[in-house]
A.B. asks: 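Please read through the structure below; I'll follow up with questions.
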Amino acid sequence: MSEEQASRSLNFIEQIIEGDLSSKKHETIVTRFPPEPNGYLHIGHAKSICLNFGLAKQYKGKVNLRFDDTNPDKESTEYVESIKKDIEWLGFEWQKECYTSDYFQQLYNWGIVLIKKGLAYVDHSSAEQIAQMKGTPTKAGTNSPYRERSVDENLALFEQMKNGAFENGTCVLRAKIDMSSPNMHLRDPLMYRIKHSTHHRTGDDWCIYPIYDWAHGQSDSIENITHSLCSLEFEIHRPLYNWFIENLEIYPSRQIEFARLNLDYTVMSKRKLLRLVEENLVDGWDDPRLPTISGMRRRGYPAAAIRTFCAKAGIAKRENIIELSLLESCVRQELNKTALRAMAVLDPVKLIITNYPEGQTEQLTAQNNPEDEQAGSREIPFSKELYIERADFLEDAPKKFFRLSVGRNVRLKHAYIINCTGFKKDEEGNLLEVYATYYKDSKSGQDVSGIKPKGTLHWVSTQHAQTAQVRQYDRLFMNQSPDQTETDFIENINPDSLSIIDKAYIEPSLQKSKKGAVYQFMRIGYYARDAKSDQLVFNRTVTLKDGWAKKNK
RNA sequence: UGCCUGGUGGUGUAAUGGUAGCACAUGGGUUUUUGGUACCUUUGGUCAGGGUUCGAAUCCUUGCCGGGCAACCA
């Protein structure tokens with residue numbers, strides 16, 4: 001890891017940090033991850049988490065987890081808990097757990113400071129009027145009739161606001177900056193609005209709540225955040241971020257913007273994810289098809305793979321849409337090293353080994369992971385009747401088909417080489433059974449047959465097989481950018497994003513699998529035992545690469 | 001048509017005035033008791049024009065294209 005870092009080129013944020021460190025602007029760095037507890041974390045947040053926590057670790061600094069809880073109407077402790085769980089699962093630790101709501105009193109005091117400086121005023125205009133007076137990006141705004149209230153009047157009104165003298169929406173506190181600024185955010189931005197709502201942490205202590213711009217930078221400053229990293233959309237907020245800090249004369253945190261992560265074939269906005277959840281289009285925030293951290297966890301994506309993915313995606317300022325294949329490649333890379341192998345037959349057809357003794361069973365030894373000696377081995381029962389994959393037999397097989405067809409040899413994984421002798425079909429032409437004979441001297445590990453079959457099949461002994469439900473997940477959307485089509489993004493949902501196999505046959509050892517464990521079903525893909533179900537349910541994490549399928553497209 | 005910001009292979013991301021590299025994807029191949037893995041290899045790129053320079057992805061200039069900004073959201 002350290003070698004990797006040494007040879008790796010620096011991203012633009014690392015360059016800024018190293019500059020600040022070498023110029024002694026900072027002794028050490030402090031970053032923060034500031035989620036609003038109004039939804040579950042997704043892969044886009046993971047990028048920010050890896051960045052902020054990664055930087056702190058890399059430069060031996062600190063990182064705070066700060067809940068930006070300034071809007072009680074949309075936030076809840078359910079979200080707080082899920083966010084903490086997800087960050088920990090991703091493998092990160094925060095120095096301090098902070099809440100913007102802890103700073104409400106300080107923020108209020110600073111509001112008074114700005115009023116006294118003549119830099120803030122209480123505006124009794126309606127929301128509509130304020131919007132009207134804001135102007136447009138190409139047209140200057142106009143001053144509010146309340147803009148020139150005296151300091152004393154503002155002080156008294158602000159206190160009344162805080163004390164609950166006004167109904168929701170009666171008035172707001174605004175910074176007095178410049179209604180003709182080309183930057184809309186500098187046209188007397190709102191600082192406080194009245195909300196007679198119960199906050200999940202402060203209860204009914206407050207009925208005025210700070211707006212993002214008037215809370216975020218100040219919270220950064222209070223925590224002595226050196227580098228406040230956020231996404232590109234806040235670039236235009238930076239002058240305001242700095243204006244508040246300068247006029248308050250408080251610790252100058254520096255805001256730096258980077259491009260958020262986008263993945264193709266999915267949606268990332270919390271609003272859209274919330275809609276999928278609320279309209280029951282998916283099975284909750286942790287549906288394995290969702291790009292949420294909890295969904296990916298349930299699907300079987302290892303935390304390490306998500307971290308690697310974020311590192312490979314990189315940090316820059318240009319907008320990007322990353323291909324799902326990069327994420328999947330990281331997942332496969334990690335799982336190939338760690339997942340135990342097992343055999344499962346998803347679309348079964350019976351294979352009868354005609355020359356194998358009736359009623360005989362052999363226990364065969366199977367390596368748990370060829371990539372990892374330490375993983376050990378297990379026993380698998382073998383018998384005369386097996387299930388194999390329907391797709392592994394073809395009546396009229398092309399030359400390059402290295403599977404079963406009458407007359408061809410094939411290796412049964414961990415077992416014998418067999419020769420296909422025949423098959424049975426029903427009147428409609430559906431394959432019922434396949435017949436073969438085995439070579440006694442070709443047993444795995446002690447093969448002296450001299451036969452070199454081209455293909456190897458997975459199988460499960462019919463009398464020993466267990467059954468499980470297997471959920472075949474595919475991408476949730478059909479379009480590369482589902483939220484950029486003319487139609488509602490909901491209409492772009494892939495109707496085949498989930499297909500359920502109620503009765504797949506699995507090898508008996510899987511009976512003892514633990515919830516959440518991920519296996520490689522040999523020759524098929526990686527599957528995670530569902531963590532929520534008490535039954536044997538496996539969620540497809542990702543398929544194995546399939547060169548044969550690709551070639552036959 | 002205001003302001004901010006960005007344009008490097010299909011997708012990401014490096015090169016900070018000196019050989020355009022890496023990863024994923026793609027095509028081909030070697031190995032293999034997983035058509036997996038591993039390894040080798042092919043294709044393909046600096047938005048366009050002009051300028052500065054011995055030398056430009058990089059600096060200047062003009063244009064083109066993309067993203068953002070008018071929530072009592074964050």
Side-chain angles (χ1 to χ4, degrees), chain A residues 8-12 15 34-36 38 68 70-71 73-75 123 126-127 130-132 134-141 168-174 181-187 190-195 208-209 211-213 215-216 230-239 257 259 261 264 270-271 309 311-330 332-333 336-337 341 343 367 370-371 400-403 410-415 417 442 444-445 447 452-458 520-525 543-551:
Chain A
R8 209 181 91 235
S9 54
L10 268 29
N11 66 48
F12 81 100
Q15 288 176 25
E36 183 189 10
N38 69 342
D68 215 344
T70 58
N71 188 354
D73 297 340
K74 292 182 177 170
E75 299 155 4
D123 193 336
S126 69
I130 288 176
Q132 201 85 53
K134 270 251 151 107
T136 68
T138 52
K139 207 173 138 241
N168 287 358
T170 310
C171 54
V172 294
L173 185 72
R174 301 177 74 175
S181 170
N183 183 340
M184 297 293 292
H185 295 274
L186 258 21
R187 321 245 264 226
L190 272 57
M191 295 165 64
Y192 277 105
R193 76 284 217 197
I194 296 170
K195 271 182 192 285
I208 56 171
Y209 289 94
I211 296 273
Y212 170 83
D213 288 302
H216 202 94
C230 62
S231 47
L232 248 31
E233 65 209 283
F234 293 102
E235 207 153 28
I236 198 136
H237 293 241
R238 181 156 26 96
E257 312 83 16
L261 180 150
D264 61 2
K270 276 201 243 180
R271 215 197 88 246
F309 169 70
K312 286 189 174 182
I315 302 294
K317 294 196 74 155
R318 69 186 87 99
E319 308 271 350
N320 60 81
I321 301 175
I322 299 176
E323 291 175 343
L324 203 60
S325 62
L326 180 64
L327 212 205
E328 291 183 337
S329 131
C330 294
R332 288 193 189 101
Q333 187 194 350
N336 179 50
K337 292 184 299 188
R341 314 287 128 124
M343 294 202 286
Q367 230 182 336
E371 307 292 322
K400 295 273 180 134
F401 185 78
F402 302 144
R403 307 180 189 183
V410 92
R411 159 75 65 182
L412 291 175
K413 184 70 188 175
H414 305 306
I417 296 172
S442 67
S444 225
D447 180 5
K452 297 284 174 211
K454 286 220 174 67
T456 303
L457 306 188
H458 61 277
Q520 184 196 102
F521 289 174
M522 295 195 90
R523 302 211 307 137
I524 304 175
T543 60
L544 242 32
K545 274 206 260 178
D546 190 344
W548 172 246
K550 197 180 281 179
K551 210 170 269 186

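Any value given below was found using the heavy atoms of this structure, including those in side chains, with hydrogens, waters and symmetry copies removed.
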A.B. asks: Is E257(A) side chain donor-acceptor paired with the G6(B) base, going by distance under 3.5 Å alone?
C.D. replies: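 A donor-acceptor contact between them is absent.
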
A.B. asks: Establish whether the base of U37(B) is bridged to the side chain of R332(A) by a donor-acceptor pair shorter than 3.5 Å.
C.D. replies: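 Absent.
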
A.B. asks: On a whole-Å scale, what distance lies between the C1' atoms belonging to G44(B) and U8(B)?
C.D. replies: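 Nearest-Å result for G44(B) against U8(B) at atom C1': 13 Å.
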
A.B. asks: Regarding T170(A), tell me which of base, sugar-phosphate or nothing describes its non-hydrogen contacts under 4.0 Å with the strands shown.
C.D. replies: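 The residue T170(A) makes no contact with any strand.
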
A.B. asks: Closest approach to the side chain of Q15(A), judged atom by atom: which nucleotide of U34(B), U16(B), G68(B) is it?
C.D. replies: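 Within the option list, the nearest is U16(B).
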
A.B. asks: Nearest 0.5 Å, please: how far is CD1 in I208(A) from NZ in K195(A)?
C.D. replies: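 The distance works out to 13.0 Å.
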
A.B. asks: Measuring from the side chain of P182(A) (C-beta onward, heavy atoms only), which nucleotide among A74(B), G35(B), G2(B) has the closest atom?
C.D. replies: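 Shortest atom-to-atom distance from the side chain points to G2(B).
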
A.B. asks: Within the 4.0 Å heavy-atom criterion, would you say E36(A) contacts the bases, only the backbone, or no part of the nucleic acid?
C.D. replies: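 Since only primed, P, OP1 and OP2 atoms lie under 4.0 Å of E36(A), the category is sugar-phosphate.
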
A.B. asks: Let me spell it out: for each of Y192(A) and K317(A), pick the nucleotide of RNA chain B with the closest heavy atom. Which residue's pick is nearer the 5' end?
C.D. replies: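 On the 5' side of the pair lies K317(A).
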
A.B. asks: Identify the nucleotide, in any strand shown, that forms a Watson-Crick or G-U wobble pair with G12(B), with both distances under 3.5 Å; if there is none, say none.
C.D. replies: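 Paired with C22(B).
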
A.B. asks: Which atom pair, heavy atoms only, marks the closest approach of L261(A) to A313(A)?
C.D. replies: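 For L261(A) and A313(A), the tightest heavy-atom pair comes out as CD1-CB, 4.2 Å.
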
A.B. asks: Could you state the interatomic distance from CE (M191(A)) to CG (D123(A)), rounded to the nearest 0.5 Å?
C.D. replies: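 The distance works out to 13.0 Å.
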
A.B. asks: Map R238(A) and E75(A) onto RNA chain B by nearest heavy atom, then report which one ends up closer to the 5' terminus.
C.D. replies: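 Result of the comparison: R238(A).
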
A.B. asks: How many Å lie between CD on E328(A) and P on C24(B), as a whole number?
C.D. replies: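 Spelled out: CD on E328(A) to P on C24(B) is 14 Å.
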
A.B. asks: Taking the C1' atom of each, how far is G45(B) from C40(B), in whole Å?
C.D. replies: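 About 24 Å, rounded to a whole number of Å.
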
A.B. asks: Can you tell me how far C1' in A14(B) sits from the matching atom in U58(B), rounded to whole Å?
C.D. replies: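 Their C1' atoms lie roughly 13 Å apart.
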
A.B. asks: Scan R403(A) against the nucleic acid and name what it touches under 4.0 Å (heavy atoms): base, sugar-phosphate only, or nothing.
C.D. replies: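 Answer is base: heavy atoms of R403(A) come under 4.0 Å of a base.
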
A.B. asks: If only side-chain N and O atoms of R523(A) are considered, is one of them under 4.0 Å from the OP1 or OP2 phosphate oxygen of G35(B)?
C.D. replies: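 R523(A) to G35(B) OP1/OP2: side-chain N or O found under 4.0 Å.
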
A.B. asks: Could you check whether Y212(A) and the base of A74(B) form a stacked pair, meaning centres closer than 5.5 Å and planes differing by less than 30°?
C.D. replies: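 The ring of Y212(A) is not stacked on A74(B).
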
A.B. asks: Ignoring backbone atoms, establish whether K550(A) has a side-chain N or O less than 4.0 Å from OP1 or OP2 of U26(B).
C.D. replies: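 Answer is yes, contact under 4.0 Å.
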
A.B. asks: Counting any heavy atom closer than 4.0 Å, what does T456(A) reach on the DNA or RNA strands: base, sugar-phosphate only, or nothing?
C.D. replies: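 Answer is sugar-phosphate: T456(A) comes under 4.0 Å of backbone atoms only.
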
A.B. asks: How many whole angstroms separate atom CZ of R271(A) from atom C1' of A71(B)?
C.D. replies: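 Rounded to the whole Å, the gap is 13 Å.
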
A.B. asks: Looking only at heavy atoms, what is the nearest atom pair of H185(A) and D213(A), with distance?
C.D. replies: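 Closest approach of H185(A) to D213(A): ND1-OD2, 4.4 Å.
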
A.B. asks: What's the separation between atom CD in E328(A) and atom CZ in F309(A), rounded to the nearest 0.5 Å?
C.D. replies: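 Interatomic distance, E328(A) CD to F309(A) CZ, rounded to 0.5 Å: 10.5 Å.
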
A.B. asks: Could you pull out the protein-nucleic contacts involving nucleotides 7-12 of chain B (nitrogen or oxygen on both sides, under 3.5 Å)?
C.D. replies:
| unit_1 | atom_1 | unit_2 | atom_2 | d |
| --- | --- | --- | --- | --- |
| U8(B) | O4 | R318(A) | NH2 | 3.4 |
| G10(B) | N2 | E323(A) | OE1 | 2.9 |
| U11(B) | O4' | E323(A) | OE2 | 3.0 |
| U11(B) | O3' | I321(A) | O | 3.0 |
| U11(B) | O2' | I321(A) | O | 3.0 |
| G12(B) | OP1 | I321(A) | N | 2.7 |
| G12(B) | OP1 | I321(A) | O | 3.3 |
| G12(B) | O5' | I321(A) | O | 3.3 |
| G12(B) | O2' | A313(A) | O | 2.8 |

A.B. asks: C1' atom, G51(B) versus G12(B): distance in rounded Å?
C.D. replies: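 Roughly 32 Å separates the two C1' atoms.
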
A.B. asks: Output yes when at least one side-chain N/O atom of R193(A) is less than 4.0 Å from OP1 or OP2 of A71(B), else no.
C.D. replies: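 R193(A) to A71(B) OP1/OP2: no side-chain N or O under 4.0 Å.
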
A.B. asks: For the pair E235(A) and K317(A), find out whether any cationic side-chain nitrogen is under 4.0 Å from an anionic carboxylate oxygen.
C.D. replies: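 Between K317(A) and E235(A) there is a salt bridge, with a charged N closer than 4.0 Å to a carboxylate O.
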
A.B. asks: Need one value for Y209(A): base, sugar-phosphate or nothing, where a base atom within 4.0 Å counts as base even if backbone is also close, heavy atoms only.
C.D. replies: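 Nothing: the residue Y209(A), judged by heavy atoms under 4.0 Å, touches no strand.
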
A.B. asks: Can you tell me, in whole Å, how much space there is between the P of G21(B) and that of U5(B)?
C.D. replies: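 Result for the P pair: 31 Å, nearest Å.
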
A.B. asks: Report the nucleotide, chosen from A14(B), A74(B), U34(B), that has the shortest atom-to-atom distance to any side-chain atom of S9(A).
C.D. replies: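 Closest nucleotide among those given: A14(B).
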
A.B. asks: To the closest 0.5 Å, what do you measure between CD (E323(A)) and OG (S329(A))?
C.D. replies: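 Separation between the atoms: 11.0 Å.
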
A.B. asks: Under 4.0 Å, heavy atoms only, any strand: does L457(A) hit a base, just the sugar-phosphate, or nothing?
C.D. replies: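 Touches nothing.
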
A.B. asks: Report which part of the nucleic acid I211(A) touches: base, sugar-phosphate, or nothing (heavy-atom distance under 4.0 Å, all strands).
C.D. replies: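 Result for I211(A) = sugar-phosphate.
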
A.B. asks: Between U31(B) and A23(B), how far apart are the two P atoms, rounded to whole Å?
C.D. replies: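 U31(B) and A23(B) have their P atoms separated by 24 Å.
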
A.B. asks: Please report the closest heavy-atom contact between K270(A) and N38(A), naming both atoms and the distance.
C.D. replies: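 Result for this residue pair: NZ-OD1, 2.5 Å.
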
A.B. asks: S444(A) side chain: which of G36(B), A14(B), U33(B) is closest?
C.D. replies: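 Given the options G36(B), A14(B), U33(B), the side chain of S444(A) is closest to U33(B).
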
A.B. asks: Need one value for P35(A): base, sugar-phosphate or nothing, where a base atom within 4.0 Å counts as base even if backbone is also close, heavy atoms only.
C.D. replies: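 If one applies the 4.0 Å heavy-atom cut-off, P35(A) turns out to touch nothing in the nucleic acid.
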
A.B. asks: Using the side-chain heavy atoms of A131(A), tell me which of these nucleotides is nearest: A74(B), A71(B), G35(B).
C.D. replies: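 Nearest to the side chain of A131(A) among the choices is A71(B).
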
A.B. asks: For F401(A), which contact category applies under a 4.0 Å heavy-atom criterion: base, sugar-phosphate, or nothing?
C.D. replies: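 Base contact.
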
A.B. asks: Please state whether the phosphate of C72(B), meaning OP1 or OP2, lies under 4.0 angstrom from any side-chain nitrogen or oxygen of K195(A).
C.D. replies: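 It does not, given that no N or O in the side chain of K195(A) lies less than 4.0 Å from OP1 or OP2 of C72(B).
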
A.B. asks: Report yes if at least one side-chain N or O of Q333(A) is closer than 4.0 Å to OP1 or OP2 of G36(B); otherwise report no.
C.D. replies: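 Indeed not, no polar side-chain atom of Q333(A) lies that close.
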
A.B. asks: Ignoring hydrogens and angles, tell me if any N or O in the side chain of D264(A) forms a donor-acceptor pair with the backbone of L324(A) under 3.5 Å.
C.D. replies: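 Such a contact is found between D264(A) side chain and L324(A) backbone.
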
A.B. asks: Atom NZ of K551(A) to atom P of G35(B): distance rounded to whole Å?
C.D. replies: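 Taking atom P of G35(B) as the reference, NZ of K551(A) is at 12 Å.
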
A.B. asks: Tell me what T70(A) touches on the nucleic acid: a base, only sugar-phosphate, or nothing, going by heavy atoms under 4.0 Å.
C.D. replies: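 The residue T70(A) makes sugar-phosphate contact but no base contact.
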
A.B. asks: If I compare all heavy atoms of R174(A) with all of V172(A), which pair ends up nearest, and what's the gap?
C.D. replies: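 That would be CG-CG2, 3.8 Å.
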
A.B. asks: Checking all strands, does G547(A) fall into the base, sugar-phosphate, or nothing category for heavy-atom contacts under 4.0 angstrom?
C.D. replies: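 Answer is sugar-phosphate: G547(A) comes under 4.0 Å of backbone atoms only.
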
A.B. asks: To the nearest 0.5 angstrom, please state how far the CZ atom of R187(A) sits from the CD1 atom of I130(A).
C.D. replies: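 If we round to the nearest 0.5 Å, R187(A):CZ and I130(A):CD1 are 14.0 Å apart.
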
A.B. asks: Would you indicate what S329(A) reaches in the nucleic acid, counting non-hydrogen atoms under 4.0 angstrom: base, sugar-phosphate, or nothing?
C.D. replies: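 The answer is sugar-phosphate, as S329(A) gets under 4.0 Å only of primed atoms, P, OP1 or OP2.
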
A.B. asks: Roughly how many Å apart are C24(B) and U16(B), using the C1' atom of each and rounding to a whole number?
C.D. replies: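 Rounded to whole Å, the distance is 26 Å.
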
A.B. asks: Identify the nucleotide, in any strand shown, that forms a Watson-Crick or G-U wobble pair with G6(B), with both distances under 3.5 Å; if there is none, say none.
C.D. replies: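 By the stated definition (distances under 3.5 Å), C65(B) pairs with G6(B).
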
A.B. asks: Kindly point out which of U34(B), A74(B), G68(B) is positioned nearest to the side chain of I236(A)?
C.D. replies: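 That would be G68(B).
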
A.B. asks: Remember a base hit wins even if backbone is also touched, and classify H237(A) as base, sugar-phosphate or nothing at under 4.0 Å, heavy atoms.
C.D. replies: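 It contacts base atoms.
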
A.B. asks: So how far is it from Y212(A) OH to E36(A) CD, rounded to the nearest 0.5 Å?
C.D. replies: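 Here the interatomic distance stands at 11.0 Å.
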
A.B. asks: Just call it for G445(A): base, sugar-phosphate, or nothing, with non-hydrogen atoms closer than 4.0 Å on any strand.
C.D. replies: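 Here G445(A) touches the bases of the nucleic acid.
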
A.B. asks: Go ahead and name the base partner of C39(B); Watson-Crick or wobble counts if both distances stay under 3.5 Å, otherwise write none.
C.D. replies: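 G29(B) is the nucleotide pairing with C39(B).
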
A.B. asks: Rounding to the closest angstrom, what is the interatomic distance between G49(B) and A15(B) at atom P?
C.D. replies: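 That atom pair is separated by 25 Å.
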
